[in-house]
Asks: 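Handing you this structure, nothing more for now.
Computed from a predicted structure; not experimentally measured. In what follows, residues are counted from 1 in the order of the sequence shown.
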Amino acid sequence: MTVTADLAISLDGYIAGTDVSLDNPGGDGAEPLFEWIHNLASWRERQGMTGGEENRDSELMREWFDATGAVVMGRMMYDTGEEFWGENPPFRAPVFVLTHRPRPALAKEGGTTFTFVTDGIHSALDQAKAAAGDRNVNIAGGASTVQQYLWEGLIDELQLHVVPALLGDGLRLFEGVGAGRRDLEPVRVVDTPLATHVKYRFVK
């Protein structure tokens, strides 16, 4: 089992724009981070839509979907996505939501369940590992959730989809995370016109 994080990031290191809020989940100016995803056949398929481009980007997205057996996310990500995802969310796996506000578990269509975890990142990861079987656990976001797992050394593989855009401001993924760390080894680089997909493994 591998604990992964898989994120779109701008060339200058941002994974969201400024003024992120419930009404503005990506933040101001973040559109270029996600534009490349919207017409991929694998992404559209997960959203219950048809059509889209079958290309290398779509293959990488499908690979991630197929390999993920459970997901951990922060409460802000859940709150901003809840309405958009609707009754058939795209995860199709157990999702563990870090929160300080308890809430009963929710079962949705397509195999997605949301369990709200109030006793910290280690508990959420342990529950996700138990639920994932022999598939991966993905730390989905947002930035502060991924940072907490990075700080604790709990992520095994990090895949960044580097989009050819400069945001100039926003939420930086690596703000204050492990200055001077040299424990990453490159696993794969895939270059497409839409993004450069770089996968790293943390050497334990």
Asks: What donor-acceptor contacts under 3.5 angstrom involve side-chain atoms of residues 37-44, with partners at least two apart or in another chain?
Replies:
| residue | atom | partner | partner atom | Å |
| --- | --- | --- | --- | --- |
| S42 | OG | S58 | O | 2.8 |
| S42 | OG | S58 | OG | 3.1 |
| R44 | NE | T50 | O | 2.8 |
| R44 | NH2 | T50 | O | 3.0 |

Asks: Kindly compute the distance separating CG (D156) from CE (M1), expressed to the nearest 0.5 Å.
Replies: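 Between D156 CG and M1 CE, I get 10.0 Å after rounding to 0.5 Å.
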Asks: Going by ring-ring contact (aromatic ring centres under 6.0 Å, His included), name the residues that satisfy it together with Y78, two or more places apart in sequence or in a different chain.
Replies: F114, F116
Asks: V95 and T115: side chain to side chain contact (heavy atoms under 4.5 Å, CB included), yes or no, with the steps?
Replies: CA-CA 6 Å; V95 179; T115 300; over 6 Å; no
Asks: Rounded to the nearest 0.5 Å, what's the gap from CD1 on I15 to CG on L33? Could you check?
Replies: 8.5 Å
Asks: Would you say the side chains of N136 and T4 form a donor-acceptor pair under 3.5 Å?
Replies: no
Asks: Sequence neighbours left out, what pairs pass salt bridge (Lys or Arg N to Asp or Glu O under 4.0 Å) with at least one residue falling in residues 115-137?
Replies: none
Asks: Would you mind checking if R101 and D79 are paired as a salt bridge, meaning a charged N to carboxylate O distance below 4.0 Å?
Replies: yes
Asks: Roughly how far apart are Y14 OH and L171 CG, rounded to 0.5 Å?
Replies: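 So the gap between those two atoms works out to 9.5 Å.
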Asks: Could you tell me if the ring centre of H197 sits under 6.0 Å from that of W36?
Replies: yes
Asks: To the nearest 0.5 Å, what is the distance between CG on L167 and CG on D12?
Replies: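 It is 5.5 Å, given to the nearest 0.5 Å.
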Asks: Applying the salt bridge (Lys or Arg N to Asp or Glu O under 4.0 Å) test to E82, which of K108, R75, R103 qualifies?
Replies: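 Among the candidates, only R103 passes.
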Asks: Just checking, any donor-acceptor pair under 3.5 angstrom between side chains of D57 and T192?
Replies: yes
Asks: Are any of the side-chain nitrogens in E59 or R62 under 4.0 Å away from the carboxylate oxygens of its partner?
Replies: no
Asks: Quiz question: by atom type and distance under 3.5 Å, do the side chains of D23 and S21 form a donor-acceptor pair?
Replies: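 On atom types as modelled, these side chains do not qualify, holding no pair under 3.5 Å.
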Asks: Above 12 or not: heavy atoms from other molecules or residues under 6.0 Å from OH of Y200?
Replies: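 Open.
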Asks: Do NZ/NE/NH1/NH2 and the carboxylate oxygens of E185 and K204 come within less than 4.0 Å?
Replies: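 Salt bridge absent between E185 and K204.
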Asks: Could you give me the CA-CA distance, side-chain angles and deciding distance for V146 and L150, then say whether side chain to side chain contact (heavy atoms under 4.5 Å, CB included) is met?
Replies: CA-CA 6 Å; V146 176; L150 284 173; 4.0 Å; yes
Asks: Measuring from E157:CD to L184:CG, what's the distance to the nearest 0.5 Å?
Replies: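 E157 atom CD to L184 atom CG measures 11.0 Å (nearest 0.5 Å).
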Asks: Would you say N138 and F91 make side-chain contact, with heavy atoms under 4.5 Å?
Replies: no
Asks: Check whether any side-chain N or O of T80 sits under 3.5 Å from a backbone N or O of P25 as a donor-acceptor pair, and report yes or no.
Replies: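 No, the answer is negative, given that no donor and acceptor are paired below the 3.5 Å cut-off.
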Asks: Please report the C-alpha distance between Y149 and L125 in whole Å, then the side-chain angles of each, then the deciding distance to 0.1 Å, and finally whether the side chain to side chain contact (heavy atoms under 4.5 Å, CB included) criterion is met.
Replies: CA-CA 9 Å; Y149 282 97; L125 182 57; 4.0 Å; yes
Asks: Going by atom types only, do D191 and T196 share a side-chain donor-acceptor pair under 3.5 Å?
Replies: yes
Asks: Taking the side chain as everything from C-beta on, heavy atoms only, tell me whether L106 gets closer than 4.5 Å to T113.
Replies: no
Asks: Do H161 and D6 get their side chains close enough for a donor-acceptor pair, meaning under 3.5 Å?
Replies: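 Per modelled atom types, H161 and D6 side chains form a pair under 3.5 Å.
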Asks: Between D28 (side chain) and G17 (backbone), is there a donor-acceptor pair under 3.5 Å?
Replies: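 No: the side chain of D28 does not pair with the backbone of G17.
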Asks: Would you say L166 and L7 are hydrophobically clustered, going by side-chain heavy atoms of ILVMFWY under 4.5 Å?
Replies: yes
Asks: Could you tell me whether the side chains of Q127 and S123 share a donor-acceptor contact shorter than 3.5 Å?
Replies: yes
